[in-house]
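Notes follow once the structure below has been shown.
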Amino acid sequence: MLRINIFTQPIRLDYTINNAKSNLRTTQPKVQLETTPTTVEIRQPQGNLTINQYPCRYSIGLKNIADLARDIAAKGKQTVMETIARIAQEGDQMAQIQNKTNAIANIAASSTISEVPDITYARIASPDINYQANPVQFNPKDGNVDLTLHRGIVQGDYQRGSVDIRIAQYPDIEISTVDVRV
């Protein structure tokens, strides 16, 4: 009887695999903000206050030299005019001889009578008050925002993978026949 022997030898492959490599290097992005604040400079210069007490003092009789001299001159002029009028009137009384009165006695009697001074209520003048305000000095300065952007960088180094296939053993089929006797 014939017997068939079949020997097979499978293929044997050797693989050399290099994996793909990706090296990524990154630089982080940066944002730089520099701010200058808004400022306001406000100054209020002092105002000028002027108080003139002279009208108040003048009304109670405290006068400066020029006003005192002028008032005394006016009073002197008035006194001279009144004295001239009085003397003229006394002369007129003495000249009236037709009256049987004693003119000198009447003049002497009337000169001894003095008038009672009147009390006069007068207001005291207010002082002159003057205030001059100085305006506010207002100086605003704008703020500022400086924005500086540094972009991030991505550097990539990519190495492709590779597959190297080598046949270590080729396939083979061996078929033989053997005569076997029984």
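Computed from a predicted structure; not experimentally measured.
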Checklist entry - So D146 and L33, side-chain contact (heavy atoms from CB on, under 4.5 Å) or not? Walk me through it. => result CA-CA 6 Å; D146 291 329; L33 285 175; over 6 Å; no
Checklist entry - Which distance, rounded to the nearest 0.5 Å, do you find between the OH of Y131 and the OG1 of T50? => result 10.5 Å
Checklist outcome for this item: Rounding to 0.5 Å, atoms OG1 (T35) and CG (L147) come to a distance of 11.5 Å
Checklist entry - Going from OG1 on T79 to CD1 on I84, what distance comes out if it is rounded to the nearest 0.5 angstrom? => result 11.0 Å
Checklist entry - With no hydrogens and no angle check, is any side-chain donor or acceptor of T26 less than 3.5 Å from a backbone partner on V154? => result no
Next on the checklist: Quick check: is V178 connected to I6 through a chain of hydrophobic side chains (ILVMFWY, heavy atoms under 4.5 Å apart)?
Outcome noted: no
Next on the checklist: Rounded to the nearest 0.5 Å, what separates atom NZ in K30 from atom CG in L149?
Outcome noted: 13.0 Å
Next on the checklist: Run V40 and N139 through side-chain contact (heavy atoms from CB on, under 4.5 Å) and show every step you take.
Outcome noted: CA-CA 6 Å; V40 177; N139 185 17; over 6 Å; no
Item to check | Crowding at CD1, I4 (>12 non-hydrogen neighbours, <6.0 Å) | outcome: no
Next on the checklist: By the ring pair (Phe, Tyr, Trp, His ring centres under 6.0 Å) test, which pairs, at least two apart or in different chains, include something from residues 19-55?
Outcome noted: Y54-Y58
Next on the checklist: Once ring pair (Phe, Tyr, Trp, His ring centres under 6.0 Å) is applied, what residue pairs with a partner in residues 73-106 remain, sequence neighbours excluded?
Outcome noted: none
Item to check | Ion pair check, R86 and E82, cut-off under 4.0 Å | outcome: no
Checklist entry - Are K77 and V80 close enough, and set up right, to give a side-chain contact (heavy atoms from CB on, under 4.5 Å), and what steps lead you there? => result CA-CA 5 Å; K77 183 178 179 182; V80 167; 5.7 Å; no
Checklist entry - Do other residues, nucleotides or ligands put more than 12 heavy atoms under 6.0 Å from the CD1 atom of I173? => result no
Checklist entry - About how many Å separate OG of S126 and CG of N52, when rounded to the nearest 0.5 Å? => result 12.0 Å
Checklist entry - Counting only N and O atoms by type, is there a donor-acceptor contact under 3.5 Å from the side chain of T38 to the main-chain atoms of G143? => result yes
Next on the checklist: When you measure from the side chain of Q44 to the backbone of N134, do you find a donor-acceptor pair of N or O atoms at a distance under 3.5 Å?
Outcome noted: yes
